[in-house]
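Reviewing the structure listed below.
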Amino acid sequence: MALKLYNTLTRHKEPFETLETGQVRVYCCGVTVYDYCHLGHARSYIVWDTVRRYLQWCGYQVRYVQNFTDIDDKILNRARQEGSTMQAVAERFTQAYFEDMERLNIQQADAYPLATHTIDGIKRLIHELENKGYAYPAEGDVYYAVRRFPQYGKLSGRKLEEMQAGASGRVAIEEPGVSDRMSPKKDPFDFALWKAAKPGEPAWESPWGMGRPGWHIECSAMVRQCLGETIDIHVGGSDLVFPHHENEIAQSEVVTGKSLARYWLHNGMVNVGGEKMSKSLGNFTTIRDLLNAPNLLEPMVLRLFVLQAQYRKPIDFTDPAIASAQNSWLTLKEGLLFGYQYGEQLGWSDRHDVSFGDPACMRISTSELVKRFQIAMDDDFNTPGALAVLFELAKDLRREGNLLIHAGTSETDSQALRQQWQTLVCLAQVLGLESRPPMITETSHAVASPATVSGTGIGSLSDAQIESLVQQRQSARQAKNFAEGDRIRNELQAQGIILIDQPGGVTRWHRS
RNA sequence: GGCGGCAUGGCCAAGUGGUAAGGCAGGGGCCUGCAAAGCCCUUACCCCCAGUUCGAAUCUGGGUGCCGCCUCCA
C-alpha cells in the first residue's frame, strides 16, 4: 500500500517519496486578487486541500504555502475603475477569498506570501539570473532569455520550434505601427521578470529603474523563501502548466542548479457547456453566487460535486449535476449526523461529552472499507472511489436510522453501529466533508420519545396537542373513518409532524 | 500547425487483460386501509474498425468526436 501520484513532469504515476522522512513541502499557486473566486478556483483549492488532508492522514507533516498575487494589471485596472487603490482592491478580495474558502472547509495554508512583500527576494533572483546571463534588461524591463535554458519545455512537453507564438489569439502579433510600444523582447518567447513602471502605478526601486515584478517570478521567489530550493509537491490548475510553471522552473533551476519540485500536480478545469469556465469567456459563477441566496446551497454540496470526479479530469458544471450532488450530500449528511441523532437511543453514554463527534478523538479500525478507501486515495487521489466507501457506510447508517425511527429498534449491535459511524466521520473528514447538528440541546431527541421533545418552533403545536390529535385519529381509524384519519395526518404533516403507524395499532410521531 | 487529454447505463462517475464500484434519477413487486420505513427484483453489446491474446472497456494500429494549452488564467 503506497501512495502514487501522477506527475505532470514525467506523465506517469509515480510512487510518492519525500525529500525528508515524514515531511512534505507543498506549494500551491494562489489567486490574483482582483475579483471574487469562481467555481474553477473552488475546484482547485478543494482538490489541493483534500490532497493535503490525505497526506496528513497518512501521517506526513505537511507544510503548505500558497501565494496571493497582489500586484497585476487586472488589479490596477479594477482600482482605476473604482477610483480605488491597488492595495485596497487586493485586500478586499483577499478577505473575500478567505471567507469563501472557510465555507468550503479549506484549511488555511501555513503561509500566504504576498507578491508585494516579496520584492527583495524577487529582485535578488532577477539579479542572479542576470549575473548568470539568463536575464537581460531592455528599456526598463527585464526579460528572461528562454532560449538560454535548454530544458525549457520539459514540464509542458513542448519545444520552442513547435510552438506557434500567438496561437492562442490573445497576444497581438507585433507588426510595425500596430502596437503603441514595440516590445523590447529579443525573442517572442522571452517573458518579463521585471516591468518598468508606468506613470502613476505602484513601483519599487530597482537596479533597472522604478518598476514592478513580472508574474512568474514571484512564485520562484516565494518557494525559495518559504520552503527551500527543492520542494516535494507543486500544485496548481492545469492551465498554469504553460507558461507559468514552465517559467518558474526556468527561473528557479537556473539559479539553484536544483530541481524546483519533485512532483507537479495539476487539476482539471471546470467546464460550462463543455467549455472551460473562465473570466474572459464570461461563463463563470462565483462561489458566493452559488452558495448565497437564492440558491442557498450548502457548501458541502460544492465540495462533494468536485470530489465526485477524479481531480485531473474536467468536470461540467450544470444544474442537474448540482442537483444530483445536493441529493448525494443529503445521504452522506444523514450518515454523518447518525451519532447525534441516535446515539442516545443506542446508549452511547458519552454523547454529551465535548469530544463526541470529534474525529480526532475517534479510533477507527482497519476494516475492509477503510482499506478500500486507502487503496482508492493512494491511487492518485481517486476521490470517486473513496466516496463509494463513504456512501456504503452512510447508506447503511441511514437504513439503521430509519429502522430506529420506524420500528424503534435495530438488530445491529450498538457498538458495531458506533464503529461504522466513527469510520464514516473520520473518512469523510479526510475529504473535508463534515456535518454537525446546528446545536445540541438536552431535549433535542428528534425521535423515540415524543414526550420529551420540546416544541419550540413558532406556531408549532405542543406535545399535548399533538398527542390529542393522534388520539382523535386513532379513534377515527378504529371507526374505519379513514378520510378523517388522513385529514388529521395531513394537518399534522403540514405542521411538520410525521406520523408512523406501526403494527399493533401503535402510532409513533416525530417532528421532521 | 504543435503538444497534451478525454470518449463506460437516462445523467454523473470508478475500473488499465479474466468478464462492469459508487452516486443521482427511474421501473416492478411484497408489506400497508392509505402513508412511512423495510425487503426483493430491475435497466451497459464500455465511440467505430482492425489486430494481439485462451480471454480486452482495459494492450497495439487506424478512424471519428469533444476538450485543454501554445505567454490573462485555478
Side-chain angles (χ1 to χ4, degrees), chain A residues 8 11 28-32 34 37-48 72-74 146 153 156-171 185 188-192 214-216 235-244 246-247 266-271 274-281 304-305 308-310 312-316 318 320-321 323-332 372 376 379 382-392 394-395 398-399 401-407 477 480 482-483 485-486 489-490 493 498-503 508:
Chain A
T8 305
R11 298 186 194 289
C28 176
C29 281
V31 287
T32 301
Y34 73 107
C37 286
H38 59 63
L39 300 181
H41 301 110
R43 178 181 198 191
S44 192
Y45 300 119
I46 287 170
V47 161
W48 305 128
D72 171 90
D73 283 337
K74 292 189 292 291
V146 165
S156 52
R158 24 187 118 197
K159 299 188 175 92
L160 290 173
E161 314 79 65
E162 287 166 349
M163 282 194 287
Q164 204 170 318
S168 67
R170 282 187 283 101
V171 184
K185 282 183 200 179
F189 289 110
D190 291 350
F191 58 90
W215 173 40
H216 314 292
V235 303
S238 59
D239 51 357
L240 298 183
V241 174
F242 189 90
H244 184 57
E246 199 70 72
N247 291 354
H266 294 96
N267 66 275
M269 300 291 100
V270 173
N271 290 169
E275 274 189 320
K276 176 183 167 184
M277 177 178 287
S278 71
K279 303 287 287 188
S280 46
L281 286 171
L304 188 56
F305 167 69
Q308 270 179 323
Q310 211 276 342
R312 284 188 285 120
K313 292 201 173 178
I315 50 176
D316 231 28
T318 61
S324 170
Q326 206 161 2
N327 286 331
S328 302
W329 169 241
L330 249 35
T331 299
L332 227 38
R372 273 174 54 202
D379 183 14
N382 180 356
T383 52
L387 279 169
V389 172
L390 300 203
F391 277 107
E392 281 182 39
K395 288 211 149 180
R398 182 174 66 178
R399 200 181 126 270
N402 280 328
L403 287 170
L404 286 167
I405 283 190
H406 292 271
R477 290 173 72 219
K480 301 279 181 210
F482 294 120
D486 290 348
R489 181 169 53 203
N490 290 339
Q493 193 164 20
I498 308 297
L499 301 188
I500 299 156
D501 296 328
Q502 292 185 298
R508 300 166 63 83

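Values below: all heavy atoms of this structure, side chains included; hydrogens, waters and symmetry mates excluded. To find a chain, count down the sequence lines: A is the first, B the second, and so on, and within it residues start at 1.
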Report the distance from atom [atom1] of [X] to atom [atom2] of [N], rounded to the nearest whole Å.
X        : N      : atom1 : atom2 : answer
A:Glu162 : B:rG1  : CD    : C1'   : 10 Å
A:Arg508 : B:rG38 : CZ    : P     : 15 Å
A:Arg43  : B:rA13 : CZ    : C1'   : 12 Å
A:Arg158 : B:rG2  : CZ    : P     : 13 Å
A:Leu332 : B:rG23 : CG    : C1'   : 10 Å
A:Lys159 : B:rC70 : NZ    : C1'   : 15 Å
A:Met163 : B:rG68 : CE    : C1'   : 16 Å
A:Glu161 : B:rC3  : CD    : C1'   : 13 Å

[N] pairs with, by Watson-Crick or G-U criteria that keep both distances under 3.5 Å:
N      : answer
B:rC66 : B:rG5
B:rU52 : none
B:rG26 : B:rU42
B:rG17 : none
B:rC31 : none

Spell out protein contact along nucleotides 24-36 of chain B as letters: B when the base is contacted, S when just the sugar-phosphate is, - when no protein heavy atom is under 4.0 Å; keep the 5' to 3' order. SS-------BBBB

Name the closest nucleotide to the [X] side chain, picking from [options].
X        : options                : answer
A:Pro384 : B:rG15, B:rA13, B:rG68 : B:rA13
A:Phe242 : B:rC70, B:rA74, B:rA13 : B:rC70
A:Glu392 : B:rC39, B:rA21, B:rG68 : B:rA21
A:Leu403 : B:rA14, B:rA74, B:rG38 : B:rG38

Of A:Thr318 and A:Met269, whose nearest nucleotide on RNA chain B comes first from the 5' end? A:Thr318

By nearest nucleotide on RNA chain B, pick out whichever of A:Thr32 and A:Arg11 is the more 5' one.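 In this pair, the answer is A:Arg11.
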
With sugar-phosphate meaning primed atoms plus P, OP1 and OP2, does [X] contact a base, only sugar-phosphate, or nothing at under 4.0 Å between heavy atoms?
X        : result
A:Gly274 : sugar-phosphate
A:Lys313 : sugar-phosphate
A:Glu246 : nothing
A:Asn490 : nothing
A:Asn402 : sugar-phosphate
A:Asp190 : base

Is A:Asn271 close enough to B:rC67 that one of its side-chain N or O atoms is under 4.0 Å from OP1 or OP2 there?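 No, outside the criterion.
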
Do A:Asn271 and A:Met277 come close enough that some side-chain heavy atom pair is under 4.5 Å?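 No, every pair of side-chain atoms sits at 4.5 Å or beyond.
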
P spacing across the pair B:rA25 / B:rA37, given as an integer number of angstrom: 13 Å

